[in-house]
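In what follows, a single structure is set out as structure tokens and then discussed.
Computed from heavy atoms alone, side chains included, the values below leave out hydrogens, waters and symmetry copies. In each ligand, atom 1 is the first atom listed, and ligand 1 is the first ligand listed.
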Amino acid sequence: MAGKPPASDPVQDAPEVTPPPHAAAGLSAVGHSLRMATRQMGVRRTALTLLRVNQKEGFDCPGCAWPEGDERHTAEFCENGAKAVAEEATLRRVTDEFFAAHPVADLAERSGYWLGQQGRLTRPMYLAEGADRYEPVSWERAFDIVADELRALESPDEAVFYTSGRTSNEAAFLYQLFAREFGTNNLPDCSNMCHESSGSALTETLGVGKGSVLLEDLHRADLIIVAGQNPGTNHPRMLSALERAKAGGARIITVNPLPEAGLERFKNPQTPRGLAGRGTALTDLFLQIRLGGDQALFRALGRLILEAGATDEDAVDREFIDRHTHGFEEYAAAARATDWDETLRATGLRRSEIEAALRMVLGSRRVVVCWAMGLTQHKHSVPTIREVVNFLLLRGNIGRPGAGVCPVRGHSNVQGDRTMGIFERPAPAFLDALEREFGFAPPRHHGLDVVRSIRALRDGGAKVFFAMGGNFVSASPDTAVTEAAVRRARLTVHVSTKLNRSHVVTGARALILPTLGRTERDTQAAGDQFVTVEDSMGMVHASRGRLEPASPHLLSETAIVCRLARRVLGTASRTPWEEFERDYRLIRERVSRVVPGFEDFEAKVARPGGFTLPHAPRDSRSFPTATGKANFTAAPVEHPEVPEGRLLLQTLRSHDQYNTTVYGLDDRYRGIKGGRRVVLVHPDDATALGLPDGSYTDLVSEWRDGTERRAPGFRVVHYPTARGCAAAYYPETNVLVPLDSTADTSNTPASKSVVVRLEPAGA
Ligand SMILES: Nc1nc2c(c(=O)[nH]1)N[C@H]1C(S)=C(S)[C@@H](COP(=O)(O)OP(=O)(O)OC[C@H]3O[C@@H](n4cnc5c(=O)[nH]c(N)nc54)[C@H](O)[C@@H]3O)O[C@H]1N2
Ligand SMILES: Nc1nc2c(c(=O)[nH]1)N[C@H]1C(S)=C(S)[C@@H](COP(=O)(O)OP(=O)(O)OC[C@H]3O[C@@H](n4cnc5c(=O)[nH]c(N)nc54)[C@H](O)[C@@H]3O)O[C@H]1N2
Ligand SMILES: [Mo]
């Protein structure tokens with residue numbers, strides 16, 4: 001199947017390429033972020049807004065989910081946080097005139113970059129059936145339209161309620177409550193495309209689907225392994241933590257097919273030395289792994305640790321294993337059977353490199369493994385992350401200070417949304433608690449995740465698509481299939497801050513419901529409200545916006561859910577939606593009775609800096625798994641097989657984007673400027689394929705059922721990635737990811753292993 005190419009960019013996509021730098025941040029980062037911010041907000045607003053980011057009395061940065069330390073700097077944000085804030089606090093506005101002037105079909109020809117640049121949404125807009133453009137609509141009428149379509153469904157399971165991870169705890173809790181009172185568990189979220197593999201693997205092995213370390217643990221570690229993550233771009237504040245760990249004597253191993261500049265050296269913009277000097281070297285050992293080779297690497301390390309245990313009684317933590325784990329013998333047998341040839345083929349590494357890593361591991365008492373999308377978006381991601389757990393369990397690196405698992409989350413409240421019940425497969429205990437508290441019978445059968453929602457839309461089983469934030473059509477895999485699926489819906493609704501492609505690829509009818517962002521004041525009948533969020537390390541804290549809302553017509557996400565629920569559920573619901581909208585404290589009171597760890601929520605969150613949620617493995621080395629212990633697992637080692645003449649493509653982020661939101665066309669840390677349609681290929685692979693640097697190629701993905709997908713016109717960049725591997729940006733390349741190509745168990749799209757053929761353009 002040939003995918004329709006993504007809309008062409010009106011800005012000329014003409015990438016210029018220079019050699020990538022070897023350090024991240026420093027003065028150029030500060031200058032860059034201030035330029036981007038003042039362009040959107042002006043000088044005064046930039047200063048006022050950026051100084052409140054991540055302060056104890058301020059708002060939570062809408063960028064990533066990296067935690068704040070206890071001591072705050074005056075400027076507790078990073079370059080990319082500044083861009084995320086500027087994107088939201090921009091002074092540009094999308095007006096009624098804009099929609100009157102642009103038929104939806106025209107907007108669908110524009111790039112996502114262009115759409116985002118139009119500014120903040122200001123009014124509810126409605127696209128009637130058969131109409132060619134959006135028109136302003138009142139909030140009352142908008143809720144009537146949604147209610148009419150929802151009530152017309154044959155079953156509540158014909159509706160899908162998507163969430164992106166910026167939604168506050170308060171709004172998320174009410175949103176899942178509304179969906180379940182309506183009668184469905186169809187609550188897919190961005191997590192399904194993101195850290196679902198981490199959640200699946202960690203729940204099974206440790207009993208808690210979240211990371212087990214706090215920021216202090218990272219500071220105290222002896223060895224930090226950063227696998228499949230590019231913090232210089234995606235979690236810049238993590239570099240400060242790595243720098244601090246290094247100052248305390250820690251060493252860092254980076255596992256990545258790409259030499260990412262941010263992990264080489266870091267010039268901390270919060271210190272004078274970092275601004276002007278050479279900065280700190282971060283990575284001690286760089287393992288340039290092949291895409292998808294991580295399971296084989298961690299299995300090989302496990303084998304070597306076991307072998308070392310024969311002569312060194314400290315190599316393996318027998319006491320921990322005997323007391324706290326299950327399944328060791330079976331795992332050890334599998335690890336001992338590791339085949340070196342296969343390990344070296346899967347990883348692309350030399351045996352000496354793996355042995356160098358082993359020496360660093362054996363020399364360290366406290367080891368943390370951090371990871372992100374490089375580990376979660378493969379077919380065998382769940383066994384890969386389970387292998388990370390095996391590796392840590394062997395030396396007792398779980399539930400002890402300075403050690404543990406650290407899946408680094410993406411969206412600023414994606415972890416909190418899941419804690420609040422945004423999950424298509426809720427735990428029975430959670431539903432029991434909802435039932436007790438709200439007096440209704442929640443549906444017990446599982447709902448649809450992202451991939452299954454797309455299939456249901458495609459096949460006519462789902463008819464109403466409602467999104468609390470995000471950009472579903474651009475973020476999802478298989479763009480052509482997804483867009484066609486969404487177009488079959490009766491109604492699509494998006495609660496959004498900014499215009500994006502999901503507003504212009506619609507069902508028969510569509511609504512855009514504009515909402516407040518994190519930076520804005522949220523005033524309700526009981527006064528100014530704050531909301532709460534949970535970071536990547538299970539810290540919950542308040543977030544207060546102070547800016548005047550982008551338009552007087554905006555409603556908060558919480559208010560939107562409350563009004564919609566009243567309108568849809570009517571007298572059938574005994575939930576006090578009106579009161580929840582007046583005063584968010586009443587929502588937190590309910591959360592405190594439903595969600596474990598939130599007892600005394602209001603008092604705990606009033607403390608500056610908030611509170612830490614309990615985490616049994618971290619706190620007491622207890623493991624709420626099926627066996628009551630931490631589970632070793634012994635899955636067969638897998639790695640992607642790539643046919644002759646093909647490359648394995650990963651789809652990743654540039655430095656100037658936030659997921660589907662493109663801030664600019666540069667990727668400074670990779671030496672790319674002025675364009676996004678680039679494909680990074682090892683010079684030897686490119687030469688073998690007859691592709692000189694600067695030539696143009698189509699990317700053609702080949703799926704095992706014989707179908708093909710094409711993304712045309714990419715500039716070839718000779719780049720020092722691992723052999724056999726290529727890289728190109730998301731979302732331009734989502735068209736290449738087959739809907740059925742997902743991770744086993746977690747069903748996450750395998751966005752980091754797409755088999756592609758490079759066809760010289762015009763060939
Ligand atoms: N500025 C900014 N910040 C963001 C985001 C953003 O788009 N922009 N997105 C947010 C979100 S939602 C998320 S989930 C995170 C994403 O954070 P990351 O996971 O850092 O994002 P990606 O760009 O997908 O980068 C994947 C990294 O893993 C490496 N990698 C790919 N495949 C493999 C593999 O098989 N093995 C190993 N070892 N490495 C591999 C890639 O080379 C790359 O360095 O960032 C969050 N923060
Ligand atoms: N090929 C490929 N695909 C991927 C990935 C990949 O690495 N490769 N990564 C995946 C990952 S990790 C993720 S998390 C998903 C991201 O998927 P999504 O979360 O769906 O996408 P975003 O681009 O983050 O959503 C951006 C939109 O959110 C809206 N928005 C921003 N702030 C707010 C707010 O405060 N409230 C509301 N209501 N709306 C707001 C704006 O309208 C903006 O246009 O994409 C996934 N897709
Ligand atoms: Mo994500």
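The shortest N or O to N or O distance between Thr651 and ligand 2 is below 3.5 Å. Considering backbone and side-chain atoms together, Ile289 places no N or O closer than 3.5 Å to any N or O of ligand 1. Of the polar atoms of Arg653, at least one N or O is found under 3.5 Å from an N or O of ligand 1, judged by distance alone.
Proximity to Glu557 (heavy-atom distance under 4.0 Å) selects the following atoms of ligand 2: 34 (C), 36 (N), 37 (C), 38 (N). In the vicinity of Leu291, heavy-atom distances shorter than 4.0 Å reach the ligand 1 atoms 31 (C), 32 (N), 33 (C), 35 (O). The contact set between ligand 1 and Gln650, taken as ligand atoms under 4.0 Å from a residue heavy atom, comprises 30 (N), 31 (C), 32 (N), 41 (C), 42 (O). Remark: ligand 2 atoms within the under-4.0 Å shell around heavy atoms of Met373 are 12 (S). Residue contact check: Asn500 has heavy atoms under 4.0 Å from atoms 27 (C), 42 (O), 43 (C), 44 (O) of ligand 2. Atoms of ligand 1 lying under 4.0 Å from any heavy atom of Cys194, numbered from 1 in the order shown and given with element: 14 (S).
A heavy-atom distance below 4.5 Å is not found between the side chains of Lys752 and Ser381.
Between Phe99 and His503, the gap from one ring centroid to the other reaches at least 6.0 Å. Side-chain rings of Phe161 and Phe465 stay apart, their centers remaining 6.0 Å or farther from each other.
Counting heavy atoms under 4.0 Å from ligand 1, residue Arg409 does not touch it at all.
Nearest to atom 33 (C) of ligand 1 among the protein's heavy atoms is Gly374 O, 3.3 Å.
Ligand 1 does not have His655 within reach: every non-hydrogen atom of the residue lies 4.0 Å or more from it. Contact annotation: His195 has no heavy atom less than 4.0 Å from any atom of ligand 2.
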